[in-house]
Amino acid sequence: MEKKWMAAALTLLVSVATVSGAGGAIIKEKQKDIVNVAHRGASGYAPEHTLVSYELGEKLKGDYIEIDLQMTKDGQLIAMHDETLDRTTNGAGKVKDVTLAEIKQLDAGSWFNKAYPQYAKSSYKGLTVPTLEEIFQKFGQSKRYYIETKSPKVYPGMEEKLVYLIEKYGIDKRKLFVQSFSAESLSNMHELDPSLRLIQLLWYTTNADITDEEIADIQEYAIGIGPNYTFINKKYVEKITNSGLQIHPYTVNDKKTMKMLMDWGVTGMFTNFPDVLYEVKNGK
């Protein structure tokens, strides 16, 4: 009788260990599925929002090319984070007041060499600001894009132009996210094309909290949220994922934080160093 009890106990222990091992394997596989968004390209290593930065993001295993959009005086969508030219070019003034031809004369790379001498390259000098069309032409219709409508109130018609270019270049919408801090802009995008995968960006200055009503409102037009990671916690992440929404925090550049967010259950994250996130996803 005692031998039978011991045998049963041993069998139970083996079963538990097997299940636990399988659970760990499942978790690791889920971690590999986490979306690795190359923030403004591989912007930790190269001038942000240049074709070089986007190419490097791909080489360093980023899943998505992240593109911030501004619009020129003559209605062209360009890749730039700021509403002004001053920080990332040798120009000055607002993008909306300058034509594309004028922007194309600017140096969009030299600033990076001065700001980050440890990653400086002579080839960065003289890089130009790309248009969204040039990006689509360069990388093609099946590439993964993560596009943000920046300051949409400053640029009336931005959403219509974006949808037009997505259609013109036959971009695979299953590999495309469109994000914005503006719920109005995203709702407009949803009306223009309900098939687009939209992400509501959020900015917190204190401990993050979100109500069921807020989640329900977001679900009317979006499939996920993108909060700054600094004020979120495990409970917040679980509430979002349990609702069925995706969650892609930004901008995460160190392994310790990446691992913590993965343990909490995020479905993706933005990073200036996509190679670092790739390593973490693969257990390094």
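Just so it is clear, the structure is predicted and the values come from calculations on it, not from any experiment.
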Practice problem: Consider only side-chain N and O atoms of N272 and S43, and report whether a donor and an acceptor are under 3.5 Å apart. | Solution: yes

Quiz prompt | Distance (rounded to the nearest 0.5 Å) between M189 CE and I166 CD1 | solution = 5.0 Å

Quiz item: Do Y145 and Y64 have ring centroids that are under 6.0 Å from one another?
Solution: no

Quiz item: Do E159 and S185 have a side chain donor and acceptor closer than 3.5 Å?
Solution: yes

Quiz prompt | Considering all heavy atoms, the nearest S142-D172 contact | solution = CA-CB, 4.4 Å

Quiz item: Per the side chain to side chain donor-acceptor pair (under 3.5 Å) rule, which among H49, H39, K150 passes with D68?
Solution: H49

Self-check item: Straight-line distance of L127 CG to E48 CD, nearest 0.5 Å
Solution: 12.5 Å

Practice problem: Measure the spacing between OG1 of T99 and CD1 of I103 and express it to the nearest 0.5 Å. | Solution: 7.0 Å

Exercise. Report the C-alpha distance between N207 and Y236 in whole Å, list the side-chain angles of each, state the deciding distance to 0.1 Å, and finish with yes or no for side-chain hydrogen bond (donor to acceptor under 3.5 Å, both in side chains).
Key: CA-CA 10 Å; N207 290 338; Y236 179 94; over 6 Å; no

Exercise. Grab the two heavy atoms, one from G93 and one from D86, that are nearest each other, plus how far apart they are.
Key: N-OD1, 3.2 Å

Quiz item: For the atom pair CD (Q179) and CD (E66), what is the distance rounded to the nearest 0.5 Å?
Solution: 5.5 Å

Quiz prompt | Non-hydrogen atoms of F231 and T205 that approach each other most closely | solution = CZ-O, 3.3 Å

Quiz item: Does the pair K239/D212 count as a salt bridge with the N-to-O cut at 4.0 Å?
Solution: yes

Exercise. Say whether E83 and S151, considering side chains only, have a donor N or O and an acceptor N or O under 3.5 Å apart.
Key: yes

Quiz item: Rounded to the nearest 0.5 Å, how far does CG of L60 lie from CG of L277?
Solution: 11.5 Å

Quiz item: Do you know which two heavy atoms are closest between G140 and I171, and how far apart they sit?
Solution: O-CD1, 4.1 Å

Exercise. Just jot down the side-chain hydrogen bond (donor to acceptor under 3.5 Å, both in side chains) partners of S195, sequence neighbours excluded, or say none.
Key: D193

Quiz item: K138 pairs by salt bridge (Lys or Arg N to Asp or Glu O under 4.0 Å) with which of E133, E55, E58?
Solution: E55

Practice problem: Kindly say whether the aromatic ring centers of H248 and F177 come within a distance under 6.0 Å. | Solution: yes

Quiz item: Taking T267 for the side chain and I247 for the main chain, is one N or O donor matched with an acceptor at less than 3.5 Å?
Solution: yes

Exercise. Would you name the heavy atoms of E134 and K104 that are closest together and state the gap between them?
Key: OE1-NZ, 2.7 Å

Quiz item: Distance only, no hydrogens: is a donor on one side chain within 3.5 Å (strictly under) of an acceptor on the other, for Y221 and Q200?
Solution: yes

Quiz prompt | NZ on K281 to CE on M269, rounded to 0.5 Å | solution = 9.0 Å

Quiz item: D97 and K73: which non-hydrogen atoms are nearest, and at how many Å?
Solution: O-CD, 3.6 Å

Exercise. Describe, in one word, how the ring planes of W203 and Y250 are oriented to each other, choosing from parallel (under 30°), tilted (30 to 60°) and perpendicular (over 60°).
Key: parallel

Quiz item: Just by distance, with hydrogens left out, do D82 and T84 show a side-chain donor and acceptor under 3.5 Å apart?
Solution: no

Quiz item: Does the side chain of E184 come under 3.5 Å of the side chain of S187 through a donor N or O and an acceptor N or O?
Solution: no

Quiz item: Does one side chain, of S110 or D107, offer a donor that lies under 3.5 Å from an acceptor on the other?
Solution: yes

Quiz item: With hydrophobic residues grouped by side-chain heavy-atom distances under 4.5 Å, do L100 and M71 end up in a single group?
Solution: yes

Practice problem: Scan side-chain atoms only and decide if Y229 and Y204 contain a donor-acceptor pair under the 3.5 Å cut-off. | Solution: no

Quiz item: Between T271 and N253, do the side chains contain an N or O donor and an N or O acceptor separated by less than 3.5 Å?
Solution: yes

Quiz prompt | Other residues, nucleotides, ligands: >12 heavy atoms within 6.0 Å of K234 NZ | solution = no

Quiz prompt | Centroid-centroid under 6.0 Å between Y146 and F270 rings | solution = yes

